[in-house]
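Accompanying notes for the structure given below.
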Amino acid sequence: ATKDGRAKKEEGWRETLRFYVIAIAVILFIRTFFFTPFRIPTPSMEDTLLVGDFLIVSKIGYGARTPNTIGIPFTNVYLPGIEFPQARLPGLGGVERGDVVVFNYPPSSSDDPRFGTPAGTPIERRPPYVKRVVGLPGDTVAVLDKLLYVNGQAQPLTDGQQHNWQVNLVTGARVGAATLNDLDLEPLDAMTMQQLYGVARTDSTFGVNGAADEVAELEALPAVASVTPLVIPDDRREQIYPRGTVGNRDNFGPVGIPKAGATVPLNRETWALYRPVITRYENHRARLLADGTVEIDGEVQPTYTFAQDYYLGIGDNRDNSEDSRFWGFVPHDHVIGEVKLVLLSLNTERFYIPRLTRFFRPIR
């Protein structure tokens with residue numbers, strides 16, 4: 001009886017172990033080739049996505065990538081120095097303008113220590129980011145006085161997209177914090193207004209961050225004389241892409257987005273724009289020579305033909321987003337998938353209270 005009991009116990013352990021092995025394998029298979037979860041850690045995509053949203057990211061549309069490292073599942077622990085060629089399986093379609101996309105963070109710390117991950121980090125081990133694709137391969141994108149232009153066409157804010165605004169009140173009028181909260185508008189602090197925009201906060205002038213429809217409701221109040229976009233002055237420069245460019249997040253570009261098979265001239269003027277693409281993403285040795293020509297893999301080349309597609313991604317919270325305006329293009333091989341659904345949402349500022357109205361909410 002004792003032997004039978006031990007045998008049954010061992011069989012029970014084997015069945016339990018077999019169950020967990022199969023379950024983990026199925027979960028890994030689904031995560032790798034179909035869907036993966038993602039949590040929103042920053043407000044860069046508000047109001048479309050909120051901090052505390054848990055998302056379902058689909059890999060079916062763009063095609064899943066095959067793994068290129070070996071590591072412990074569900075962790076960022078992996079074996080350095082072992083890297084396999086990465087391939088992308090066929091998908092149902094391609095990246096479209098307006099898609100909300102999760103991708104591995106492209107910059108390297110050798111290019112920009114503010115944003116980059118250590119040089120040589122495998123693509124799939126770089127932190128995941130989420131932005132809205134505003135520019136496709138071959139597009140020309142610019143931001144002029146806060147307004148986005150794609151191929152010369154203005155792209156006004158859509159529902160859920162927001163930026164900073166200046167509110168001018170009627171003389172002697174007031175708008176309380178409760179009113180702003182009801183309209184889902186966040187007031188700007190005086191330091192931000194002064195340092196970023198050169199505008200002093202007064203009794204009759206203040207700033208808010210919010211979406212266009214929310215601001216329209218504010219402007220309709222009798223106490224409000226006008227609401228206008230807060231635009232960073234031209235003489236207030238930020239370190240935007242490409243490095244050395246004069247501008248800021250409100251005045252960016254125009255930049256041409258690389259497209260697979262497209263050929264561009266290489267010279268002193270184009271070097272800063274395309275150097276990270278050539279050296280970091282397409283793995284060539286390249287340098288700008290004193291005479292303004294460009295040497296690639298030991299030979300002077302007057303032109304360069306791109307090996308893959310690239311995209312430009314910007315956060316829906318335009319003034320609170322570190323995006324392509326600061327660090328450049330998103331390579332196709334960095335794309336993980338498209339955000340399809342908010343599975344559930346927890347308010348991290350209020351004791352993780354569930355936001356029930358956001359559960360199972362599709363993303364547009």
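Qualifying side chain to side chain donor-acceptor pair (under 3.5 Å) partners for T348, counting only residues two or more places apart in sequence or in other chains: none.
A donor-acceptor pair under 3.5 Å is formed between the side chain of N267 and the backbone N or O of E269. Checked by atom type and distance alone, the side chain of R201 pairs as donor or acceptor with a backbone atom of L188 at under 3.5 Å. A donor-acceptor distance shorter than 3.5 angstrom exists from the side chain of D319 to the backbone of N164, with no hydrogens or angles considered. In this structure, the side chain of S345 does not engage the main chain of F359 through any donor-acceptor pair within 3.5 Å. Side chain of R65 to backbone of K59: no donor-acceptor contact under 3.5 angstrom is found. Using modelled atom types, one side-chain atom of R126 and one backbone atom of T121 make a donor-acceptor pair closer than 3.5 Å. Of the possible donor and acceptor atoms, none in the side chain of Q166 sits under 3.5 Å from a partner among the backbone N and O of T228. Between the side chain of D316 and the backbone N or O of Q162 there is no donor-acceptor pair closer than 3.5 Å. Of the possible donor and acceptor atoms, one in the side chain of N104 sits under 3.5 Å from a partner among the backbone N and O of I123. With hydrogens and angles disregarded, a donor-acceptor distance shorter than 3.5 Å links the side chain of Q155 to the backbone of Q153.
Cluster membership check: L185 does not share its hydrophobic cluster with M193, using side-chain heavy-atom separations under 4.5 Å among Ile, Leu, Val, Met, Phe, Trp and Tyr. Following chains of ILVMFWY side-chain contacts shorter than 4.5 Å, one cannot reach V167 starting from V231, and the two form parts of different hydrophobic clusters. V95 and L312 end up in the same hydrophobic cluster when Ile, Leu, Val, Met, Phe, Trp and Tyr side chains are linked at under 4.5 Å. No path of Ile, Leu, Val, Met, Phe, Trp and Tyr side chains, each step under 4.5 Å between heavy atoms, connects V199 with V215, placing them in separate hydrophobic clusters. Grouping the Ile, Leu, Val, Met, Phe, Trp and Tyr side chains by contacts below 4.5 angstrom, directly or via other members, places F351 apart from L346.
For D250 and R318, the salt-bridge test fails: no basic side-chain N is under 4.0 Å from an acidic carboxylate O. K340 and E338 are joined by a salt bridge, as a carboxylate oxygen and a charged side-chain nitrogen come within less than 4.0 angstrom of each other. The pair R39-D53 does not count as a salt bridge, with every side-chain nitrogen at least 4.0 angstrom from each carboxylate oxygen.
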* Go through the steps for R125 and T69 under the test side chain to side chain donor-acceptor pair (under 3.5 Å), then give the verdict. => CA-CA 8 Å; R125 297 294 173 173; T69 60; 3.0 Å; yes
* Please assess R97 against D139 for the test salt bridge (charged side-chain N to carboxylate O under 4.0 Å, His left out), listing each intermediate value before the final yes or no. => CA-CA 10 Å; R97 189 181 297 110; D139 284 347; 2.5 Å; yes
* **S44 and K131: CA distance, side-chain angles, deciding distance, side chain to side chain donor-acceptor pair (under 3.5 Å) verdict** => CA-CA 8 Å; S44 69; K131 302 295 175 190; 3.0 Å; yes
* Stepwise side-chain contact (heavy atoms from CB on, under 4.5 Å) test for E46 and V51 -> CA-CA 8 Å; E46 291 183 350; V51 175; 4.3 Å; yes
* Using the side-chain contact (heavy atoms from CB on, under 4.5 Å) rule, take R361 and L341 through it: C-alpha gap first, then chi angles, then the decisive distance, then the call. => CA-CA 6 Å; R361 180 175 179 174; L341 183 76; 5.6 Å; no
* To do: Show the numbers, then the answer: is there a side-chain contact (heavy atoms from CB on, under 4.5 Å) between I232 and R249?
  => CA-CA 8 Å; I232 302 175; R249 72 192 72 178; 3.7 Å; yes
* **CA sep, side-chain torsions, deciding dist, call: T270, V264, side-chain contact (heavy atoms from CB on, under 4.5 Å)** => CA-CA 9 Å; T270 62; V264 294; 6.0 Å; no
* To do: Please lay out, stage by stage, how D189 and T192 fare under the test side chain to side chain donor-acceptor pair (under 3.5 Å).
  => CA-CA 6 Å; D189 61 82; T192 297; 2.9 Å; yes
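Taking OG1 from T305 and NZ from K259, the interatomic distance works out to 13.5 Å, rounded to the nearest 0.5 Å. Between atom NE2 of residue H334 and atom CD of residue Q86 there is a gap of 9.0 Å, rounded to the nearest 0.5 Å. One finds the NE2 atom of H163 at 11.0 Å from the CG atom of L148 (value rounded to the nearest 0.5 Å). Atom CG of N68 is separated from atom CD1 of I82 by 12.0 Å, given to the nearest 0.5 angstrom. The line from CH2 of W271 to CD1 of I278 is 6.0 Å long, rounded to the nearest 0.5 Å. One distance of note links CG of L343 with CZ of F54; it measures 9.5 Å at 0.5 Å rounding.
Summarising the local packing, CZ of R350 is surrounded by 12 or fewer heavy atoms from other residues, nucleotides or ligands at distances under 6.0 Å. In this structure, R287 places its CZ atom where only 12 or fewer heavy-atom neighbours from other residues, nucleotides or ligands lie under 6.0 Å away. Residue-environment remark: CD (E219) exceeds the threshold of 12 foreign heavy atoms within 6.0 Å.
Heavy atoms only, all atoms of each residue included: E238 and L196 are closest at OE2-CD1, 4.1 Å. Residues P331 and Q308 approach most closely at CB-NE2, 3.8 Å, considering heavy atoms. G315 and D323 make their closest contact through N-OD2, 3.2 Å (heavy atoms, listed as atom of the first residue, atom of the second, distance). When all heavy atoms of V224 and L218 are compared, the pair lying nearest together is CG2-O, 3.3 Å. When all heavy atoms are compared, the tightest approach of S324 to V330 is OG-CG2, 4.3 Å. Of all the heavy atoms in L169 and V175, the pair that sits closest is CD2-CG2, 3.7 Å.
Ring planes of Y281 and Y310: tilted class, angle from 30 to 60°.
Side-chain contact between F329 and P258: present, with at least one pair of heavy atoms (C-beta onward) separated by less than 4.5 Å. D47 is listed as a side-chain neighbour of D184, based on a closest heavy-atom distance under 4.5 Å. Counting only heavy atoms from C-beta outward, the side chains of R88 and T66 never approach each other to under 4.5 Å. A heavy-atom distance below 4.5 Å is not found between the side chains of I257 and L136. Residues V294 and I296 form a side-chain contact, since some pair of their non-hydrogen atoms from C-beta on lies under 4.5 Å apart. Using a 4.5 Å cut-off on side-chain heavy atoms (C-beta onward), T303 and L266 make no contact. You'll find the side chain of V339 stays beyond 4.5 Å of the side chain of V101, heavy atoms only. By the 4.5 Å heavy-atom criterion applied to side chains, V130 and M45 are counted as neighbours.
Aromatic ring centroids of Y311 and F103 lie 6.0 Å or more apart. Taking the ring centroids of Y62 and H332, they lie at or beyond the 6.0 Å cut-off. Y274 and F306 have their aromatic ring centers within a separation under 6.0 angstrom.
Of the listed residues (F252, Y105, Y241), just one forms a ring pair (Phe, Tyr, Trp, His ring centres under 6.0 Å) with W327, and that residue is Y105.
For the 3.5 Å distance criterion, the side chains of Y304 and E282 qualify, holding a donor opposite an acceptor.
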